[in-house]
Amino acid sequence: MNQINLDKLLQLAPAAKADTAALKLVVAQVYQGQIQQLSSDGFRLQLPSAQGALQIDLPASASTSLQQLVLRSLPEQMQNLATQQQLAHHAKLNKVPVQVQFQPQPDGQIKLSLQSSTAPVTLTLQPQQLRALLISLFSSQNAATLIKSSDSNSSAALVTAKLQTQGNNYLVQLPTLPALQLKIDAQSSLATALAGSHSNQLTVVLQLTSNDKALSTNLLLGAAQGQPPGVTLLDKPQQQALMRQLVQAFNQLQLSTANSQHPAMQILKPVIAARPDISGSYQLQLQPSAQTAQLQLLPQKAQLQLSVSPQDSNRPIQFVATGSGNPATSKATAANSNLPLAVQQAWRNLLPLLSTRPDLLADLPELPEPVQQVLQLVRHSQPDGSKVLSASQLVTQLQSLLQFQPLQNQPNVQTSGGALAVAIQLLLGHLMQKPQNAALQPANQKLAQLINSLEPAQASSLLRQLASHSSTLQQSQLATLDSNQATQQHLLLQLPLQQGEQSVFSQIQLEQREADGKQQSGKETQWQLTMRFELQQLGALLVVAKLQQQQLQLQFYTEQQEAKQLADRFLPILKDRCTMQGLVVSEAECVLGKIPDTLLPRANSLLAIKV
């Protein structure tokens with residue numbers, strides 16, 4: 001059997017040598033460029049590229065629109081310049097960044113779509129400012145009466161809330177927020193308060209308290225003004241849940257700096273005014289973790305479309321994507337029609353060459369800079385092992401792994417499986433000089449530009465790394481197919497987690513099985529979730545959770561005493577959170593034991609031989 005040479009297979013053939021005279025541009029791909037005003041008062045677009053810089057003189061008829069686009073991209077103090085001459089002088093000294101797309105026209109002209117490239121601005125809020133901002137969420141809805149407090153670090157609002165019952169539990173629903181379960185030991189006080197009011201309306205005090213570092217929130221049973229409030233309604237996990245709900249409700253308001261009359265804007269006005277570099281209109285967005293007290297301003301970008309002649313550029317332009325009715329691109333159209341088959345064949349030839357060990361995607365100093373940046377983008381799409389994911393984030397990541405296929409259509413580059421698939425497709429297309437559909441999607445533009453700047457040898461080496469990484473994901477998919485039976489469900493997943501500058505796979509196994517000690521009335525189903533984690537210096541951790549109806553058993557296994565001590569410390573908190581979800585935790589303990597190297601079946605292979 002002839003040995004397959006990956007470099008020879010995927011590098012450019014001599015007949016496919018790139019034309020160095022013409023700059024190849026992908027239709028509708030977003031490029032990062034710059035606009036500069038010339039001494040003749042005209043404007044020029046400059047586009048850096050791995051194949052050389054492109055310069056296009058923009059038409060004089062668009063000068064007024066271009067000046068407005070440049071003006072919106074400048075800092076606010078520059079926008080207030082007294083004369084147009086001062087503005088023009090500043091524009092000549094500074095290149096304004098823009099995003100640009102190219103589209104060839106039937107008449108030979110090139111349509112440019114320009115968009116200002118203003119970056120988001122992140123402002124740090126003091127806990128006192130964040131406290132006032134969240135209180136304004138209710139005052140803007142006329143749902144709260146603010147209580148003045150002698151404590152400058154505490155704000156409170158009397159809020160009318162609806163009280164609901166769910167079994168033996170009480171839930172309270174504040175205006176604009178989902179229902180929140182109240183703590184168990186407040187039940188008697190709530191029953192007394194309800195008996196006195198003869199209604200399901202409950203007046204509570206929403207109290208936000210801050211210190212120099214953090215903000216905490218709580219609900220207290222309402223009292224008359226001037227009197228101390230009653231019993232505390234929330235415990236610590238519930239207080240954290242309320243904080244997340246407050247931040248989410250604020251973000252759903254879709255506030256922008258143009259809403260100057262909104263109570264929140266009155267609070268933020270001094271914060272924004274302290275940053276003279278902020279210009280234009282922004283949408284306000286609190287970061288998901290309120291404890292960091294970060295406010296993100298997302299700019300509303302200016303856009304402009306205009307047509308230019310190819311003669312206005314300093315070099316020829318060759319479009320490598322299809323164009324409707326354009327004879328210059330008919331050859332590219334024919335090549336792209338066979339693109340999926342060619343890419344699939346290249347991927348099949350690559351599979352036998354993959355390493356059996358997953359690549360850690362580590363950031364090594366000897367790697368070329370573009371390769372390091374590609375690996376960094378792929379790593380950033382993976383969950384951070386040091387942070388806790390929200391339920392929606394975890395579901396999105398798991399779905400991307402369940403549906404992972406290197407050549408899948410329209411993968412989500414924000415997920416671990418999607419980013420890996422996009423990078424593999426772009427590398428295959430780059431090495432074969434066949435542009436991929438993934439390169440045309442705006443979310444993939446940064447990754448596409450980095451890969452287009454790679455040399456063939458660099459791209460080939462990087463493809464090996466990512467392909468080895470992807471083979472681990474597909475290995476668990478094969479194991480799932482082998483293990484599934486008609487009467488039971490079985491699922492295996494390997495979740496890549498980011499630990500520092502390298503990736504580590506955590507294994508997850510979910511299976512449906514017949515419960516132990518089944519009753520005479522019939523067989524009962526039990527779900528078992530098994531997870532294996534690598535905790536770096538603490539070694540491996542195995543977690544087994546068994547769920548039968550609402551009964552939950554939690555068993556932790558570790559090989560190190562230090563890891564056991566940490567698990568024993570946090571198990572009561574985990575048990576309480578499971579109880580809050582309506583589960584009855586019958587067992588929760590951590591023991592020392594031998595951890596298996598893998599949860600995958602030992603017999604798993606690409607070929608199964610039966611005699």
Side-chain angles (χ1 to χ4, degrees), residues 22-105 108-121 275-282 297-319 439-440 442-443 445-446 448-450 452-453:
L23 176 63
K24 294 186 177 182
L25 296 176
V26 178
V27 174
Q29 178 170 308
V30 179
Y31 292 91
Q32 303 296 328
Q34 298 171 327
I35 287 183
Q36 185 176 24
Q37 188 168 3
L38 307 176
S39 56
S40 59
D41 292 333
F43 288 87
R44 174 176 293 167
L45 172 66
Q46 299 183 356
L47 185 73
S49 165
Q51 298 174 319
L54 173 67
Q55 296 181 355
I56 300 178
D57 292 330
L58 303 179
S61 58
S63 295
T64 302
S65 300
L66 287 166
Q67 284 180 349
Q68 294 176 354
L69 187 145
V70 169
L71 177 63
R72 292 188 61 176
S73 302
L74 295 176
E76 187 173 3
Q77 68 269 27
M78 295 305 305
Q79 296 188 31
N80 297 327
L81 290 174
T83 65
Q84 187 67 27
Q85 287 77 12
Q86 289 177 297
L87 175 61
H89 177 70
H90 177 83
K92 293 171 186 176
L93 296 178
N94 296 272
K95 298 177 181 179
V96 178
V98 293
Q99 295 177 335
V100 57
Q101 293 176 293
F102 297 85
Q103 181 74 45
Q105 300 297 297
Q109 296 287 96
I110 302 173
K111 184 174 76 173
L112 302 182
S113 298
L114 302 174
Q115 181 174 266
S116 58
S117 187
T118 308
V121 179
R275 287 285 301 270
D277 58 318
I278 297 177
S279 62
S281 180
Y282 292 82
L297 305 184
L298 306 176
Q300 297 179 0
K301 299 181 178 181
Q303 296 181 344
L304 175 64
Q305 289 189 348
L306 50 89
S307 296
V308 298
S309 171
Q311 286 72 32
D312 294 332
S313 62
N314 67 330
R315 59 185 301 177
I317 299 176
Q318 179 182 353
F319 291 100
L440 304 179
Q445 297 305 314
K446 185 174 182 180
Q449 291 177 16
L450 288 172
N452 286 337
S453 66

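All residue numbers in this chain count up from 1 along the given sequence. Keep in mind that the numbers below use all heavy atoms, side chains included, and drop hydrogens, waters and symmetry copies. Bear in mind that the values here come from a model prediction, so they are computed numbers and not experimental data.
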Once you round to the nearest 0.5 Å, how far does [atom1] of [X] lie from [atom2] of [Y]?
X	Y	atom1	atom2	value
Gln105	Lys111	CD	NZ	5.5 Å
Ile35	Leu304	CD1	CG	7.5 Å
Asp312	Leu45	CG	CG	11.5 Å

Heavy-atom pair of closest approach, residues [X] and [Y]:
X	Y	result
Tyr31	Lys24	OH-O, 4.5 Å
Gln34	Val98	N-CG2, 4.1 Å
Val27	Pro104	CG2-CD, 3.7 Å

Please tell me if the side chains of [X] and [Y] come closer than 4.5 Å, counting only heavy atoms from C-beta onward.
X	Y	result
Ile56	Ile110	no
Ser309	Gln109	yes
Leu306	Pro59	yes
Leu114	Leu66	yes
Leu54	Ser313	yes

Parallel, tilted or perpendicular: ring planes of Phe319 versus Phe102, cut at 30 and 60 degrees: tilted

For Gln445 and Gln32, what are the C-alpha separation, side-chain angles and deciding distance, and is it a side-chain contact (heavy atoms from CB on, under 4.5 Å)? CA-CA 10 Å; Gln445 297 305 314; Gln32 303 296 328; over 6 Å; no

Looking at Gln115 and Ser113, would you say the former's side chain and the latter's main chain have a donor-acceptor pair under 3.5 Å? no

